[in-house]
Undergrad: 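Below you will find the structure I want to go over with you.
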Number of protein chains: 4
Amino acid sequence: MFVLINLKAYPCDPVEIATIATDVSEATGVRIAIAPQATDIQSVAETGVETWAQHVSPVEHGSHTGSTLAEAVSRAGAVGTLLNHSENRLRLADIDAGLRAAERAGLETIVCANNPRQIAAAARLEPDSVAVEPPALIGTGTPVSKADPEIVTDSVEAASGVPVLCGAGISTGADLVAAEKLGAGGVLLASGVAKADDPRAALEALVEPL
Amino acid sequence: MFVLINLKAYPCDPVEIATIATDVSEATGVRIAIAPQATDIQSVAETGVETWAQHVSPVEHGSHTGSTLAEAVSRAGAVGTLLNHSENRLRLADIDAGLRAAERAGLETIVCANNPRQIAAAARLEPDSVAVEPPALIGTGTPVSKADPEIVTDSVEAASGVPVLCGAGISTGADLVAAEKLGAGGVLLASGVAKADDPRAALEALVEPL
Amino acid sequence: MFVLINLKAYPCDPVEIATIATDVSEATGVRIAIAPQATDIQSVAETGVETWAQHVSPVEHGSHTGSTLAEAVSRAGAVGTLLNHSENRLRLADIDAGLRAAERAGLETIVCANNPRQIAAAARLEPDSVAVEPPALIGTGTPVSKADPEIVTDSVEAASGVPVLCGAGISTGADLVAAEKLGAGGVLLASGVAKADDPRAALEALVEPL
Amino acid sequence: MFVLINLKAYPCDPVEIATIATDVSEATGVRIAIAPQATDIQSVAETGVETWAQHVSPVEHGSHTGSTLAEAVSRAGAVGTLLNHSENRLRLADIDAGLRAAERAGLETIVCANNPRQIAAAARLEPDSVAVEPPALIGTGTPVSKADPEIVTDSVEAASGVPVLCGAGISTGADLVAAEKLGAGGVLLASGVAKADDPRAALEALVEPL
């Protein structure tokens with residue numbers, strides 16, 4: 001199972017969480033990555049943790065003020081990027097162009113989507129993985145694997161071979177195990193770790209059953 | 001005069017240009033700042049150069065995947081931000097919210113706009129400065145001070161006291177002097193330095209007449 | 001006082017409401033206009049009521065599939081258009097271009113905004129009027145004139161001579177009178193009439209105190 | 001073959017072109033539809049021609065000022081809608097929601113896309129048809145069937161059973177025949193008819209070889 005912790009724009013210390021993630025990953029052998037703000041990619045990557053971008057722009061080098069260039073993200077130390085997160089929905093043509101930009105920069109890719117039908121579409125754009133996150137469950141603490149397990153199994157089927165992660169409401173080790181049983185190859189987490197009073201304890205408890 | 005060099009998503013070495021800018025600024029006393037990709041703010045700021053963001057998102061801390069948080073930009077070492085660059089046009093309500101986000105994070109602000117009427121509007125949103133960049137001149141090498149000097153003087157009048165920078169087509173020291181005579185308090189530059197074969201020579205020639 | 005009834009995408013009968021508005025306007029002498037869906041402008045205008053568009057695109061004739069062309073809106077019978085409603089926020093440059101498009105087509109214009117600072121900005125773009133609608137009050141039934149009367153008086157001051165309408169939460173005749181006393185030249189209404197069980201009674205009660 | 005003529009925001013007379021299309025369709029038996037501005041749907045539909053919308057918003061009835069509601073489009077007389085035209089690119093989630101809105105309103109749907117990979121994705125969202133329009137060819141007079149026939153055949157394969165139309169550069173009867181031979185079930189046209197000096201002659205010449 002791949003555990004990707006999305007720090008969003010939370011008021012956490014990204015380097016502290018990266019250090020914890022590195023420790024827990026080494027101690028348990030579970031693959032854990034951190035997706036911080038673009039400005040924090042370099043300092044997070046310097047901890048040695050697997051580092052991801054939260055987004056890259058669908059552009060090449062050029063006149064694109066305010067963009068997040070895939071090549072710049074890569075140079076700062078990221079090895080992958082999310083695209084089309086439900087808080088940053090993209091146009092179909094821009095998901096395609098963002099994936100091609102990420103490929104050029106050597107970044108692994110996960111395209112997020114709301115439901116199995118959109119997962120089917122996203123998978124056809126040739127990302128490395130897709131992630132299904134029902135918007136209604138994000139931040140609720142109710143995992144999709146419990147609230148609506150068919151969304152996960154339908155997404156796995158719709159993705160026809162592209163690995164599926166699941167997000168929204170994941171916070172406990174039991175949620176991870178449930179997601180794995182439904183066919184997910186990983187999970188996206190955010191507030192469960194980033195906003196935890198004790199992020200180390202939260203992350204250890206999360207991966208303990210794996 | 002304030003000289004702000006916007007590196008956009010150009011394939012330049014941001015640290016090299018930042019180092020040059022620091023040298024030239026120290027040698028000449030001209031205020032020079034660099035606006036790199038968000039991922040490069042930290043390494044650019046570590047050179048000691050005045051560092052700006054190209055954009056910040058109109059949000060506070062929270063669930064905003066893929067945003068560029070003003071607080072994160074500031075923590076990485078930036079002291080200011082552009083908003084509403086012509087390559088990244090924002091909704092009126094988001095310029096307002098972006099300015100308030102920048103204020104909370106202690107960032108100086110420049111709001112860009114296309115023409116004197118939009119400059120008048122932008123100035124009422126209480127940025128520290130505004131910048132007029134006629135889209136038709138961006139990247140042309142023909143400075144607005146020569147192509148249409150009334151755009152600068154009309155913008156200065158429209159801004160009613162808010163300092164005005166001018167951009168688009170600025171590349172020589174004569175362009176800077178002309179902009180200053182028209183009432184501009186600074187200039188935005190991009191390709192003239194960032195894409196120059198010899199960025200140091202380009203920047204020295206630029207500020208030489210000041 | 002100008003009363004503009006925005007039908008949004010409500011499941012009402014636009015021709016029925018237009019007919020009522022015509023009757024009430026003729027009986028009372030109050031200026032009342034209806035802003036239906038673009039598809040309904042022609043049939044609403046044919047009732048004789050003053051008809052407005054809810055939005056026009058910032059474009060001229062050309063290759064703009066899916067746009068709402070100001071000239072087409074005018075030809076269908078509209079005499080004015082809203083721009084930048086809080087449910088359809090526009091980029092600063094597009095409010096400017098939308099206003100110029102509306103001018104070319106001979107449409108009267110109202111630019112909406114959230115707060116007095118944005119009203120000041122919007123007024124500088126030279127619309128015929130501006131409208132202040134605090135997003136938090138839309139659809140609440142609590143009028144801005146009661147919840148926060150300073151937003152109206154501050155907007156009137158910020159607009160420096162451009163007439164100010166106020167919206168959000170207006171539903172009774174007392175709200176209209178209060179808005180007028182605060183300096184508003186009109187009101188934007190929506191659900192108070194469009195979703196009323198008896199739209200005729202609702203509209204008559206609304207304008208009765210004028 | 002299905003011939004859909006997109007009037008975009010061209011300065012043509014939509015009712016005149018609709019009348020011509022009705023005549024030519026009746027004389028030749030070729031299915032011809034017109035997609036006018038939303039404001040013109042009613043008057044175009046009244047000519048008896050098959051009428052389409054250029055776009056519908058991804059919303060239901062409600063507070064959506066400035067939207068183009070699928071139900072309103074249908075009530076005005078349209079029987080179908082384009083979505084995601086290259087001049088009006090939509091977010092993946094909004095194509096999905098727009099398709100569901102169109103279904104609720106009983107509208108037939110065509111989702112446009114740039115290339116075979118995006119066609120594959122669009123087809124998985126369950127539209128009635130997809131249309132491939134390489135952006136570089138739009139408005140050129142060089143048909144995709146000649147410039148790059150593999151784009152059409154690859155799109156037909158990628159759509160896995162969903163009918164494919166092709167657009168961009170179609171203007172002659174030979175272009176239609178070529179598109180049909182490549183597997184297309186129809187064509188999207190725009191300037192070739194809407195901007196023709198003699199739209200009747202243009203349309204007759206177009207469908208003559210069928």
Side-chain angles (χ1 to χ4, degrees), chain A residues 6-15 35-46 51 53-57 59-78 81-90 98 101 112 133 138-139 167 188 190-191 194-195, chain B residues 6-15 35-46 51 53-57 59-78 81-90 98 101 112 133 138-139 167 188 190-191 194-195:
Chain A
N6 175 3
L7 302 187
K8 300 189 175 184
Y10 291 138
C12 58
D13 179 337
V15 170
Q37 287 273 310
T39 46
D40 295 325
I41 287 174
Q42 184 183 331
S43 52
V44 164
E46 285 169 359
T51 307
Q54 296 178 11
H55 170 69
V56 296
S57 299
V59 299
E60 304 183 30
H61 277 298
S63 295
H64 306 293
T65 299
S67 61
T68 301
L69 184 70
E71 283 82 356
V73 154
S74 171
R75 196 177 50 206
T81 188
L82 295 173
L83 280 168
N84 197 45
H85 189 275
S86 68
E87 294 155 11
N88 196 12
R89 286 295 185 221
L90 303 180
C112 303
E133 291 200 296
I138 291 179
L188 298 191
S191 54
K195 297 176 83 171
Chain B
N6 175 4
L7 303 187
K8 302 189 175 183
Y10 291 139
C12 58
D13 179 338
V15 171
Q37 287 273 309
T39 46
D40 295 324
I41 288 173
Q42 184 184 330
S43 52
V44 164
E46 284 168 1
T51 306
Q54 296 178 12
H55 170 70
V56 297
S57 300
V59 299
E60 302 183 31
H61 276 299
S63 295
H64 306 293
T65 298
S67 60
T68 301
L69 185 70
E71 283 82 356
V73 154
S74 170
R75 195 177 51 204
T81 188
L82 294 173
L83 281 168
N84 197 45
H85 189 276
S86 67
E87 293 156 11
N88 196 11
R89 287 293 185 224
L90 303 180
C112 304
E133 291 201 294
I138 291 179
L188 298 190
S191 55
K195 297 176 83 172

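Note on naming: letters A, B, ... go to the chains in the order of the sequence lines (proteins, then strands), and numbering restarts at 1 for each one.
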Undergrad: Give, as side chain, backbone, both or neither, the part of B:Cys112 having an atom under 4.5 angstrom from any heavy atom of chain A.
TA: neither
Undergrad: Do you know the tightest heavy-atom contact between A:Leu69 and B:Gln37?
TA: N-OE1, 2.9 Å
Undergrad: For B:Thr81, is it the side chain, the backbone, both, or neither that has a heavy atom closer than 4.5 Å to a heavy atom of chain A?
TA: neither
Undergrad: Please report the closest heavy-atom contact between B:Gln54 and A:Thr65, naming both atoms and the distance.
TA: OE1-CA, 3.4 Å
Undergrad: Counting heavy-atom pairs closer than 4.5 Å to chain A, which one of B:Ser67, B:Ser43, B:Gly62 comes out on top?
TA: B:Gly62
Undergrad: Would you mind telling me which of B:Ile41, B:Val59, B:Asp40 has the largest number of heavy-atom pairs within less than 4.5 Å of chain A?
TA: B:Asp40
Undergrad: I need the A:His85 NE2 to B:Ser63 OG distance, nearest 0.5 Å.
TA: 8.0 Å
Undergrad: Taking side chain as everything from C-beta outward and backbone as N, CA, C, O, which of these in B:Pro36 sits under 4.5 Å from a heavy atom of chain A? Side chain, backbone, both or neither.
TA: neither
Undergrad: For A:His64 and B:Lys8, which heavy atoms make the closest approach, and how far apart are they?
TA: N-CB, 4.0 Å
Undergrad: With chain A as the partner, which of B:Ala190, B:Ala38, B:Gly77 has the greatest number of non-hydrogen pairs under 4.5 Å?
TA: B:Ala38
Undergrad: Identify the two heavy atoms, one from A:Thr39 and one from B:Ala76, that lie closest to each other, and give their separation to 0.1 Å.
TA: CB-CB, 4.0 Å
Undergrad: Would you mind telling me which of B:Ala78, B:Pro11, B:Ser86, B:Pro14 has the largest number of heavy-atom pairs within less than 4.5 Å of chain A?
TA: B:Pro11
Undergrad: Can you tell which of A:Leu83, A:Leu82, A:Leu7, A:Asn6 has the highest number of heavy-atom pairs within less than 4.5 Å of chain B?
TA: A:Asn6
Undergrad: Could you have a look at A:Glu87, A:His55, A:Lys195, A:Glu60 and say which one has the most heavy-atom pairs with chain B under 4.5 angstrom?
TA: A:Glu87
